[in-house]
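Reading through the structure tokens given below for one structure.
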Amino acid sequence: MTDESSRPTDFIREIITEDLKKGKYDHRVHTRFPPEPNGYLHIGHAKSICLNFGIAKDYKGTCNLRFDDTNPEKEEQEYVESIIDAVRWLGFDFGPEPRYASDYFGFMYTAAEYLITAGHAYVDSQTAEEMREHRGTLTSPGKESPFRGRAAAENLDLFRAMRDGRHPDGAMVLRAKIDMASPNINLRDPAIYRIKHAEHHRTGSTWCIYPMYTYAHPIEDARENITHSICTLEFEDQRPFYDWLLERLAEGGLVQRPLPQQIEFARLNLSFTVLSKRKLIQLVTEGHVTGWDDPRMPTVSGMRRRGYTPEAIRNFCERIGVAKRDSTVDLALLEFCIREDLNKRAPRVMAVLRPLRVVITNYPEDQEEELDAVNNPEDPAAGCRTVPFSRLLYIERDDFLENPPKQFFRLAPGREVRLRYAYYITCEKVVKDERTGEVVELHCTYDPKTRGGDSPDGRKVKATLHWVSARHAISSEVRLYTTLFSTPEPGAESGDFRQDINPASLEVLSSAYVEPGLAGAVPGSRYQFERMGYFCVDPDSTRDRLVFNRTVTLKDAWAKIQKAQK
RNA sequence: UGGGGAGUCGUCCAAUGGCAGGACGGUAGACUCUGGAUCUGCUUAUAGGGGUUCGAAUCCUCUCUCCCCAGCCA
């Protein structure tokens, strides 16, 4: 909202605009993105990142990157690095250093002692199982713990003993004292501290008790003066506790008003993919993909390797909007966003993925020439290049059909087509393997007067084919990706998402040819292979051999016709 | 069967008592040295019943459907 005329675009910005109008937070807006460092970021996180950092930007506020590292058994340094990397790559700035929940462990401990002293918390010596039994059910109230009535002094001693490591894991927990009969289960004396004799990735062995998310998160927000604490829908039931805790701490003067407020929105679901952390981990550990950055993964690192741009992802996140209803976004929208971006910026090159040899019989054996080609018709500033032409070429196997159906415009016996930026050629002869009947080579003639691709007599052709000169082309590997799952909602039918893994999600083409200008292309560079799609140089490339990942195909009218006829 | 949320084109998001709109998808066409891009047309929706109102997607009411919650996970 940088000017008067702009209006909020979602219900969260509406709330913020209203708060600003009322002066609720002294005209400040401060958000945060709080991942747990126990996995890699995916497109669903990107939605949250764009929301939180986007709001900060819109309202000239601040957004913190904060690691919610309250469970040492699950969290690792490796993840914090990948998350930092992903956030920066997406184009967001959180200052020189991220924040950590563990930065506040000391304060959280002090606050817990205050709660005990004020009679708002107690140490419970029940086992986990006993606690579960006493919690009641969704429809029946819980029962109070026999330890609920302990005096503050005893609780304090016990809690300090917990901290000092005098009890094993699970021996006791600190609980908030609220209401065991509450219809909201989260208010039935939730555990707020547990014993874990575990090494923490940042605090080492300083602590053997760790706060629960429920307790830690509101405190982290308050400590960072967060104004709007935006999270996903499943935390909605948690909000009464969030408010309860902060109210108690404000009463004790441990946090200042105005208190941050929690606002929930619906997480992203995407068709043909899974986004739950558990499922993503399973894909990696069970070897269904090659790693977190496998180009078929919906992780930020996977999409990056696939060839997605930060701009396309940000644009996607803006287009899908923010609301409270559960929804599943069509993968086609994501693909639209990356095509839209790459169409404007990706240089065009010619690459033949499944080569078919073509001999231009009337082109002199020892002759070759350089032809002018436009780098990007959408961007005149991208300039021109030349591509070599000679007697022996490769064209795409799919661009020739011996017995073409009516709607097939491409090369066929006796038919004339244009070779892009080069010449008109006519297919004169089809050479086949005698045993298999497979077409192995085409003999064509070219019309020298059509150099550059135009015929002086105004003669039209129905198709333009991409090609490479066999002598000059660089042999490369091309990895063709389609969706990792073959159904829009993986697991919907069988209950096991792995049943719907698409066995054909990766096709490796090891004898593709790209034009010579691509020599030395660096990993991460993106190109449009004319008529085939957008491709990105994979880090697996070596000096001698380029490897390309297909980011997304071009829209393909012919493929659609073929599909419709099946 | 407790509590908390949510129901609008195929999909996602708007409309905040006043002509249900946009984007993606789909489809038809124009154009084209990429069957790309671009442009144009068309397509389809307020979960259901009752009520309030001159007027309801919006307010009231009843019903239905879907999601979340019974970790010492986040």
Side-chain angles (χ1 to χ4, degrees), chain A residues 9-11 14 34-36 38 68 70-71 73-75 124 126-128 131-133 135-142 169-175 182-188 190-196 209-210 212-214 216-217 231-240 264 266 268 271 277 319-337 339-340 343-344 348 350 373-374 377-378 407-410 417-422 424 450 452-455 460-466 488 528-533 553-561:
Chain A
T9 53
D10 58 68
F11 79 98
E14 264 171 37
E36 183 187 16
N38 72 341
D68 225 328
T70 56
N71 187 348
E73 286 166 353
K74 290 189 171 178
E75 295 143 10
D124 195 345
Q126 291 183 108
T127 63
M131 268 182 66
R132 193 180 326 121
E133 282 162 6
R135 189 150 31 228
T137 68
L138 294 178
T139 52
S140 62
D169 287 10
M172 49 190 69
V173 294
L174 184 68
R175 288 230 252 175
S182 172
N184 181 346
I185 291 185
N186 299 292
L187 260 23
R188 316 236 262 233
I192 60 180
Y193 257 100
R194 75 287 218 196
I195 302 170
K196 273 185 193 291
I209 56 171
Y210 292 92
M212 302 281 291
Y213 160 87
T214 316
H217 207 87
C231 62
T232 43
L233 253 26
E234 68 270 27
F235 294 104
E236 221 155 10
D237 289 342
Q238 210 76 244
R239 193 172 62 227
E264 310 85 10
L268 172 68
S271 62
K277 209 173 269 185
R319 281 171 187 263
I320 59 176
V322 179
K324 292 195 74 157
R325 89 174 80 156
D326 294 309
S327 61
T328 302
V329 174
D330 195 334
L331 180 65
L333 182 61
L334 217 209
E335 296 191 334
F336 168 82
C337 290
R339 283 192 189 106
E340 181 189 44
N343 176 49
K344 283 180 295 201
R348 285 115 267 195
M350 292 196 283
V374 174
E378 302 294 319
Q407 289 142 303
F408 186 83
F409 304 151
R410 284 112 93 142
V417 298
R418 173 190 295 113
L419 291 182
R420 185 129 160 104
Y421 300 125
Y424 283 15
T450 58
D454 279 308
S455 173
K460 298 285 182 208
V461 287
K462 289 200 86 173
T464 299
L465 272 38
H466 61 279
Q528 185 196 100
F529 289 179
E530 294 224 26
R531 305 206 304 134
M532 302 307 287
T553 60
L554 254 29
K555 269 172 53 181
D556 188 343
W558 170 237
K560 208 170 272 182
I561 292 167

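- A:E340 comes within 4.0 angstrom of nothing in the nucleic acid, heavy atoms only.
- Counting atom types as modelled, A:E378 pairs a side-chain N or O with a base atom of B:G36 as donor and acceptor under 3.5 Å.
- Within 4.0 Å (heavy atoms only), A:R348 reaches at least one base atom of the nucleic acid.
- Of the candidate nucleotides B:C24, B:G35, B:G71, B:G71 has the atom lying nearest to any side-chain atom of A:M212.
- Contact annotation: the side chain of A:F408 never approaches that of A:I561 to less than 4.5 Å [non-hydrogen atoms, C-beta and beyond].
- Rounded to whole Å, atom P of B:U65 lies 17 Å from atom CG of A:D326.
- With B:G5, B:A74, B:G71 as the candidates, the nucleotide lying closest to the side chain of A:L233 is B:G5.
- A:Y210 contributes atom OH, which lies 9.0 Å from atom CD of A:E73 (distance to the nearest 0.5 angstrom).
- Within the 4.0 angstrom heavy-atom criterion, base atoms lie near A:Q528.
- Summarising the geometry, the separation between CD1 on A:I185 and P on B:U1 is reported as 15 Å, rounded to the nearest angstrom.
- Here, B:U1 and B:A70 have their C1' atoms 15 Å apart, quoted to the whole Å.
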So what does the secondary structure string of RNA chain B come out as, 5' to 3', with Watson-Crick or wobble pairs under 3.5 angstrom, [ ] for crossing and | for pairs with another strand? .((((((..((((....[..))))((((((.......))))))...(((((..]....))))))))))).....
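- Using a 4.0 Å heavy-atom cutoff across all strands shown, A:T214 reaches no nucleic acid atom at all.
- Between the P atom of B:G5 and the CD atom of A:E264 lies a distance of 9 Å, rounded to the nearest Å.
- The distance from atom CD of A:Q238 to atom P of B:C68 is 16 Å, rounded to the nearest whole Å.
- A donor-acceptor contact shorter than 3.5 Å links the side chain of A:S271 to the backbone of A:L331.
- OP1 or OP2 of B:C73 lies within a sub-4.0 Å distance of a side-chain N or O belonging to A:R194.
- Considering only side-chain atoms of A:V173, the nucleotide from B:C24, B:C72, B:G3 that sits closest is B:C72.
- With hydrogens and angles ignored, a donor-acceptor pair under 3.5 angstrom links the side chain of A:D237 to the base of B:G3.
- When heavy atoms are screened at a 4.0 angstrom cut-off, A:Q407 is found touching base atoms of the nucleic acid.
- In this structure the side chain of A:R418 never reaches within 4.5 angstrom of the side chain of A:T450, judged on heavy atoms.
- A distance of 5.5 Å separates CZ in A:R194 from OG1 in A:T70, rounded to the nearest 0.5 Å.
- To the nearest whole angstrom, the two C1' atoms, one in B:A37 and one in B:U58, are 41 Å apart.
- At the phosphate of B:C12, neither OP1 nor OP2 sits under 4.0 Å from any side-chain N or O atom of A:R325.
- Of the candidates B:A70, B:U27, B:G2, the closest approach to any side-chain atom of A:K560 belongs to B:U27.
- When the C1' atom is compared between B:G2 and B:U16, the two are found 32 Å apart, to the nearest whole Å.
- To the nearest angstrom, P of B:U34 lies 10 Å from CZ of A:R531.
- Contact annotation for A:A128: base contact, defined as any heavy-atom pair under 4.0 Å involving a base atom.
- The residue A:E530 sits close to a base: some heavy atom pair falls under 4.0 Å.
- Glycosidic conformation of B:G48: anti, with the torsion beyond 90° of 0.
- A:F235 comes within 4.0 angstrom of a base, heavy atoms only.
- Here A:Y421 lies in heavy-atom contact (under 4.0 Å) with a base.
- Between the side chain of A:R410 and the base of B:G35 there is at least one donor-acceptor pair of N/O atoms closer than 3.5 Å.
- Going from atom NZ of A:K555 over to atom P of B:C24 covers 9 Å, rounded to whole Å.
- For the atom pair A:L334 CG and A:R319 CZ, the distance stands at 11.5 Å (nearest 0.5 Å).
- The same atom, C1', is picked in B:A57 and in B:U53; the two are 15 Å apart, to the nearest Å.
- Between B:G17 and B:G41, the distance separating the two C1' atoms is 34 Å to the nearest Å.
- Looking at heavy-atom distances under 4.0 Å, A:D454 makes contact with a base.
- Proximity of A:V173 to A:Q126: side-chain heavy atoms (C-beta onward) are nowhere separated by under 4.5 Å.
- In this structure, CG on A:L554 lies 9.0 Å from CD on A:E530, to the nearest 0.5 angstrom.
- Here the CD-CG distance, from A:E340 to A:L333, works out to 9.5 Å after rounding to the nearest 0.5 Å.
- Remark on RNA chain B: of its neighbouring residues A:H217 and A:P377, the 5'-side contact belongs to A:P377, judged by nearest-heavy-atom nucleotide.
- Base contact: A:L138 has a heavy atom under 4.0 Å from a base atom.
- Taking the side chain of A:R135 as heavy atoms from C-beta on, and the options B:A74, B:C24, B:A70, the nearest nucleotide is B:A70.
- Between B:A74 and A:T70, a contact under 4.0 Å exists linking OP1 or OP2 to a side-chain N or O.
- If you check every strand for non-hydrogen atoms under 4.0 Å, A:T328 touches sugar and phosphate atoms only.
- When heavy atoms are screened at a 4.0 angstrom cut-off, A:M532 is found touching no nucleic acid atom at all.
- At B:G7, none of the side-chain N or O atoms of A:K324 fall inside 4.0 Å of OP1 or OP2 (strictly under the cut-off).
- Each of A:V329 and A:D68 was assigned the nucleotide of RNA chain B with the nearest heavy atom; the assignment lying further toward the 5' end belongs to A:V329.
- Look at A:K277 and you won't find any side-chain N or O under 4.0 angstrom from OP1 or OP2 of B:C73.
- Residue A:I320 is classed as a sugar-phosphate contact, given heavy-atom separations below 4.0 Å to backbone atoms only.
- Atoms CD (A:E236) and C1' (B:G5) sit 5 Å apart, rounded to a whole Å.
- Nearest heavy-atom pair across A:R188 and A:T137 is NH2-O, 2.6 Å.
- Residue A:N71 places its side chain closer to B:C73 than to any other of B:C72, B:C68, B:C73.
- Here the straight-line distance linking atom CZ of A:R420 with atom CE of A:M350 works out to 8.0 Å at 0.5 Å rounding.
- Across the protein-nucleic acid pair, A:N184 atom CG and B:C68 atom P stand 16 Å apart, rounded to whole Å.
- Remark: the separation of the C1' atoms in B:U27 and B:U44 is 12 Å, to the nearest Å.
- Listed pair A:S327 / B:C13 meets the phosphate criterion, a side-chain N or O lying under 4.0 Å from OP1 or OP2.
- Here the closest heavy-atom approach between residue A:E36 and residue A:D68 is recorded as CG-O, 3.5 Å.
- When the C1' atom is compared between B:U43 and B:A23, the two are found 15 Å apart, to the nearest whole Å.
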